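In what follows, a structure is listed as structure tokens, so that the remarks can point back to it.
What you see is a predicted model, and the numbers here were worked out from it, not measured in a lab. By convention in this document, chain letters (A, B, ...) are assigned in the order of the sequence lines, proteins followed by strands, and residues within each chain are numbered from 1.
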Amino acid sequence: MIPGLLEKLGQWFSRSWMFMCFFAGFFLFWEYSIGWFDVPRYILPRPTEIITKSAADIDRLLYYTWVTGSESFTGYIIAIVIAVPLGLAIAFSSILRRTIYPFFVSVEMVPKIAFAPLFISWLGFGFLPKIIIVFLVCFFPIVLNAILAFSSLSEELTRFCSATGATRTRAFLKVRLPAALPQCFVGFKYGAINATVGATIAEFIGSDQGLGFYIQIVTGNMRPDLAFAAIFMLTALGLFLFGLVTLAERLLVPWHISQRRNK
Amino acid sequence: MTAAVDIQSVTKVFNEGAAAVAAFGPGDLRVEAGEFVSLLGPSGCGKSTLLLMVAGLLESSSGAITVKGRRVSGPRTDIGIMFQDSTLVPWRTVRGNIELQLELRNLDVRGYEDRIRSLLQQVNLEDFAASAPYELSGGMRQRAAFCQALVHDPDTLLLDEPLGKLDAMTRESIRRDLQNLWLDKKQTVLLVTHSIEEAVQLSNRVVVISPRPGRIEKILEIDLPWPRDLATKNSSRFSEYVMEIQLIFQRYGVI
Ligand SMILES: Nc1ncnc2c1ncn2[C@@H]1O[C@H](COP(=O)(O)OP(=O)(O)OP(=O)(O)O)[C@@H](O)[C@H]1O
Ligand SMILES: [Mg+2]
């Protein structure tokens, strides 16, 4: 158990030490270049300063991380729950493919975030408009990838299923669905990246809590150190969401090329 | 007796109008039950197209096909077909892929355990039953796909270049296995191949198809004793058959 764990840790380290060195170097440069170039702290604080100063406000930061996190997560999950079955329906219905699909493709070109002020003005400062905005920025990549996923089974496998006389349900569960998962996850990943962006911008526009709201307030108060602390929290939030998707992918699609480890 | 496969003036034209591609025909062919017939022809002459039409997976543009006395009008599930491109799915092991054929047919996998084992043994894959397709070589994958196509023990087999990706040595040994399998069960076999030798070695009759749009140029009865082993292949009668077919293709300028 322990030697196995150590070995895994060793492997992980040998894969990522270069990246970690680069990362450490980046923060060291940031830390010391502030002094070298005489950057005033109300413009750009040092990383150590960000940590020590924000510690005083950690309760608020954590609470707002929770707020922004739940907005992102809820909107994202709703987007998945609606987009995947809808993508499936569009892939299999020639009517939907000729109506809703081109509509979605054109709406995909619209910057969804431009609707944010409208939703805030219609629905107020609460949770709901945030979720709708997160939903909007997550929904389209997920649904478009789901359509692609469910409509791109190879001709050979389609024929193979017909030749066995399998019922549609059986062929779907045993062949179409597993074959579609990798492409679905492409959409889930784009969605996960968009979710926190959507939530933050929605909070910029109209809100009385959350990390987006916090960044605006502290920036107005000339406290970039606190703004950076909030940005770190947002980054952690994004990584967490993305990590969850990656984990799910590893569990559900361990056979896919992107998941294989060359041993 | 009704023919196992009866192809009557069948043609296939893909697309319409200016983009039309005449892919096959018209062609006539009668295959008796238990017969091993090879379709031999240059690339693009419509061999796969014909096989798909026999399986009911592709509609013919004109003509009629009957399999075991029943007109083909949709996918036929009472046959076994091995496609030119792999139908192995990456999320299942070799064994799982073979079982997929059974599961899709709603057959009880447990009843086929012995058969799966013996098939894997025949194609030398018994040690790779638990491997994923991507862990196999191209030839091994083809052997696995071969087992997948045969596992439900159909009496009619449509094989589209089943040995196409194999190296010369494995090819030789799988040909022998294929022959033994057939001598044992006497299924009706339609085999698509590019190899003249393979066609002559394995078949009762070799159907020579012209370049696109494929027409049946000649049907050769191969009158050689079974089983046909290396000694048969070195006989002068074998070479005469091969030569005869080579001359046809030479006339077409494909070799
Ligand atoms: N879906 C399609 N649409 C249009 N043309 C097609 C289609 N499928 C096949 N063809 C054409 O039909 C012809 C016959 O194709 P087919 O796949 O049957 O050839 P083949 O004899 O099996 O060749 P190969 O030995 O290379 O596999 C080809 O010329 C090809 O261009
Ligand atoms: Mg072909």
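Within 6.0 Å of the CZ atom in Phe128(B), the count of heavy atoms belonging to other residues, nucleotides or ligands does not exceed 12. More than 12 heavy atoms of other residues, nucleotides or ligands sit less than 6.0 Å from atom CE of Met20(A). When the shell of 6.0 Å around OH of Tyr190(A) is examined, it contains 12 or fewer heavy atoms from other residues, nucleotides or ligands. Within a 6.0 Å sphere centred on CD of Glu108(A), heavy atoms belonging to other residues, nucleotides or ligands number more than 12. Residue Tyr101(A) places its OH atom among 12 or fewer non-hydrogen atoms of other residues, nucleotides or ligands, all under 6.0 Å distant. Atom CZ of Phe232(A) has more than 12 heavy atoms from other residues, nucleotides or ligands within 6.0 Å. Environment of CZ in Phe92(A): crowded, with over 12 heavy atoms of neighbouring residues, nucleotides or ligands closer than 6.0 Å. Enclosure of atom CZ in Phe23(A) is not indicated, since only 12 or fewer non-hydrogen atoms of other residues, nucleotides or ligands lie within 6.0 angstrom.
Closest of all the heavy-atom pairs between Ile81(B) and Ala163(A) is CG2-CB, 3.9 Å. The minimum heavy-atom distance linking Leu104(B) with Cys161(A) is given by the pair CD1-SG, 4.4 Å. Nearest approach of Asp85(B) to Glu156(A), heavy atoms of both residues: O-CG, 3.3 Å. Closest non-hydrogen pair, Ser162(A) versus Pro75(B), comes out as O-CB, 3.6 Å.
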Stepwise, does the side-chain contact (heavy atoms from CB on, under 4.5 Å) test hold for Thr77(B) with Thr164(A)? CA-CA 5 Å; Thr77(B) 59; Thr164(A) 59; 6.0 Å; no

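Proximity to chain A (any heavy atom under 4.5 Å) is shown, for Leu88(B), by neither the backbone nor the side chain. Contacts between Arg105(B) and chain A at a heavy-atom distance below 4.5 Å involve backbone atoms as well as side-chain atoms.
Without hydrogens or angle criteria, Arg159(A) side chain to Leu52(B) main chain gives no donor-acceptor distance under 3.5 Å.
Trp91(B) contributes atom CH2, which lies 13.5 Å from atom CG of Leu252(A) (distance to the nearest 0.5 angstrom). Taking OG1 of Thr87(B) as the start and CD of Glu155(A) as the end, the distance is 13.5 Å to the nearest 0.5 Å. For the atom pair Thr167(A) OG1 and Asn106(B) CG, the distance stands at 7.5 Å (nearest 0.5 Å).
Using cut-offs of 30° and 60° for the angle between ring planes, the Phe83(B) and Phe160(A) rings count as perpendicular.
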